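Note that the structure is predicted; figures quoted are calculated from it, not measured.
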Amino acid sequence: MYSCIIIDDEPIAIKVIKKHLSAFNQFEVVGEFNNAIDAMVALPQIKVDLVFSDIQMPRVNGVEFVKSLSNSPKIIFTTAYRNYAVEAFDLNIVDYLLKPISFERFAKAIHKFIESSATTSIYHEPDKQPHPEENFILLKGDKKHHKIDLKDILYFESLGDYVIAYTITGKIITKERISKILDIVPSKSFIRIHRGFIASIKAIDAIGPGFVELDGKKLPIGRNYKINLDILFLKNS
């Protein structure tokens with residue numbers, strides 16, 4: 001069971017989230033707050049796995065609220081404003097939902113949360129992110145643990161319960177879900193472009209309508225992941 005709280009200064013917005021969430025039996029709403037300050041006070045006293053937070057709220061906005069947390073739960077922002085997206089994704093949030101929130105889009109965010117919360121079986125540090133001095137990951141394949149330099153990775157492709165890591169020297173097949181790969185590689189260097197592909201940012205040669213060019217190949221851009229590329233280029237423009 002996942003415990004969650006909802007923070008929004010609009011009662012109707014809280015009602016919509018609760019209605020959508022009622023379709024998922026494994027979630028329980030343990031708190032509702034109409035401002036971030038009350039949520040800050042309550043968080044240390046309750047177990048919370050996921051926070052649904054509006055952004056534009058009086059006194060303390062949602063972005064400021066998340067920045068203030070020393071040990072943050074997973075965050076899904078729910079807002080009517082697009083202009084916070086770059087700053088929000090810099091906080092490693094699960095998703096950024098624009099109001100009015102459809103159930104289909106909400107369900108995809110929930111799926112992303114569940115995937116990101118699953119225990120990874122990739123061999124690396126417990127915090128799932130390489131330390132600054134570590135420029136490699138370890139993947140298990142062919143009954144061996146392969147040390148792969150991050151700079152040599154071109155992209156990852158999902159094959160159900162397996163992932164193919166394509167590098168400049170070849171490929172490695174590992175029994176792992178692509179969501180776990182996303183947890184282990186540094187977000188500053190890799191970007192998810194499709195439900196089945198994670199690309200090295202530096203390896204992308206060009207972006208076309210619905211695809212990226214990389215190592216002489218065209219990889220598809222998923223509709224729900226286009227925002228990742230939009231944010232990337234906003235940050236670097």
Legend entry - For the student: nearest non-hydrogen atoms of G141 and H146, plus distance: O-NE2, 2.9 Å
Legend entry - Co-membership, hydrophobic cluster, residues L154 and F211, 4.5 Å side-chain: no
Inset, instruction - Please step through side-chain contact (heavy atoms from CB on, under 4.5 Å) for the pair L219 and E157, ending with a clear verdict. - result: CA-CA 10 Å; L219 304 182; E157 180 182 5; over 6 Å; no
Inset, instruction - Go through the steps for K202 and K151 under the test side-chain contact (heavy atoms from CB on, under 4.5 Å), then give the verdict. - result: CA-CA 9 Å; K202 73 177 182 63; K151 63 181 177 58; 4.1 Å; yes
Legend entry - Test item: L21 and V29 side chains (from C-beta on) under 4.5 Å apart, heavy atoms: yes
Legend entry - T174 side, atom OG1; L139 side, atom CG - distance, nearest 0.5 Å: 5.0 Å
Inset, instruction - Report yes or no: do I46 and L69 belong to one cluster of Ile/Leu/Val/Met/Phe/Trp/Tyr joined by side chain heavy-atom distances under 4.5 Å? - result: yes
Legend entry - K144 with D142: basic N within carboxylate O range, under 4.0 Å: no
Inset, instruction - Mark yes when over 12 heavy atoms from residues, nucleotides or ligands other than E104 sit less than 6.0 Å from its CD; otherwise mark no. - result: no
Legend entry - Sub-4.5 Å side-chain heavy-atom contact between V163 and I173: no
Inset, instruction - Compute the ring centroids of F65 and F77, then answer whether they are less than 6.0 Å apart. - result: no
Legend entry - Minimum heavy-atom distance D205-G216, with the two atoms named: OD2-N, 4.5 Å
Inset, instruction - Could you tell me whether K171 sits above the aromatic face of Y166, with NZ or CZ closer than 6.0 angstrom to the six-membered ring centre and within 45 degrees of the axis? - result: no
Legend entry - Pairwise side-chain contact, R105 with L97, heavy-atom cut-off 4.5 Å (strictly under): yes
Legend entry - Heavy-atom check, side chain of I14 versus side chain of F33, under 4.5 Å: no
Inset, instruction - Report yes or no: is the cationic atom of K74 (NZ for Lys, CZ for Arg) closer than 6.0 Å to the six-membered ring centre of F113, at no more than 45° off its axis? - result: no
Legend entry - Sidechain N-carboxylate O distance under 4.0 Å for E32, K18: yes
Legend entry - Gap between atom CD1 of I164 and atom CD1 of I181 - 0.5 Å precision: 11.5 Å
Inset, instruction - Report yes if the side chains of K99 and D8 come closer than 4.5 Å at any heavy-atom pair, otherwise no. - result: yes
Legend entry - Side-chain heavy-atom pair D149, T167 within 4.5 angstrom cut-off: no
Inset, instruction - Say whether, by atom type as modelled, one donor and one acceptor occur between the side chain of H194 and the main chain of G196 under 3.5 angstrom. - result: yes
Inset, instruction - Specify the closest pair of heavy atoms between S72 and V66, including all atoms of both residues, with the distance to one decimal. - result: OG-CG1, 4.5 Å
Inset, instruction - To the nearest 0.5 angstrom, please state how far the CG atom of D90 sits from the NZ atom of K188. - result: 13.0 Å
Inset, instruction - Answer yes or no: is there a side-chain heavy-atom contact under 4.5 Å between I193 and I198? - result: no
Legend entry - Reported NE2-to-CD1 distance for the pair H20 and I110, which is rounded to 0.5 angstrom: 10.0 Å
Legend entry - Smallest separation among heavy atoms of D54 and D9, with atom names: OD2-OD1, 3.4 Å
Inset, instruction - Could you please spell out the steps behind the side-chain contact (heavy atoms from CB on, under 4.5 Å) verdict for V212 and I221? - result: CA-CA 7 Å; V212 299; I221 298 173; 3.8 Å; yes
Inset, instruction - Would you tell me whether Y2 and E28 have side-chain atoms, one donor and one acceptor, within less than 3.5 Å of each other? - result: no
Legend entry - For N61, side chain to side chain contact (heavy atoms under 4.5 Å, CB included) partners two or more places apart: V63, E64
Legend entry - M40-I93 co-clustered via ILVMFWY side chain contacts under 4.5 Å: yes
Legend entry - Test log, rule side-chain contact (heavy atoms from CB on, under 4.5 Å), inputs S189 and I201: CA-CA 6 Å; S189 303; I201 293 172; 5.7 Å; no
Legend entry - 4.5 Å side-chain heavy-atom contact, P73 and V51: yes
Inset, instruction - Verify the neighbour count for atom CZ of F103: are there more than 12 heavy atoms of other residues, nucleotides or ligands below 6.0 Å? - result: yes
Legend entry - Donor-acceptor under 3.5 Å (N35 side chain, I37 main chain): yes
Inset, instruction - Spell out, yes or no, whether L159 and L214 are grouped together once hydrophobic residues are joined by side-chain heavy atoms under 4.5 Å, including indirect joins. - result: yes
Inset, instruction - Please work out which of the three classes, parallel, tilted or perpendicular, describes the rings of F197 and Y155, given edges at 30° and 60°. - result: tilted
Inset, instruction - With rounding to the nearest 0.5 Å, note down the distance linking CD1 in I172 to CD1 in I153. - result: 8.5 Å
Inset, instruction - Sequence neighbours left out, what passes salt bridge (charged side-chain N to carboxylate O under 4.0 Å, His left out) with E87? Give chain and number order. - result: K67
Legend entry - Reported CD1-to-OG distance for the pair I5 and S53, which is rounded to 0.5 angstrom: 8.0 Å
Legend entry - R177 (side chain) donor-acceptor with S179 (main chain) under 3.5 angstrom: no
Legend entry - Note: D95-K108 ion pair, threshold 4.0 Å (strictly below): no
Inset, instruction - Please check if M57 and V48 belong to a single hydrophobic cluster, counting links between Ile, Leu, Val, Met, Phe, Trp and Tyr side chain heavy atoms closer than 4.5 Å. - result: yes
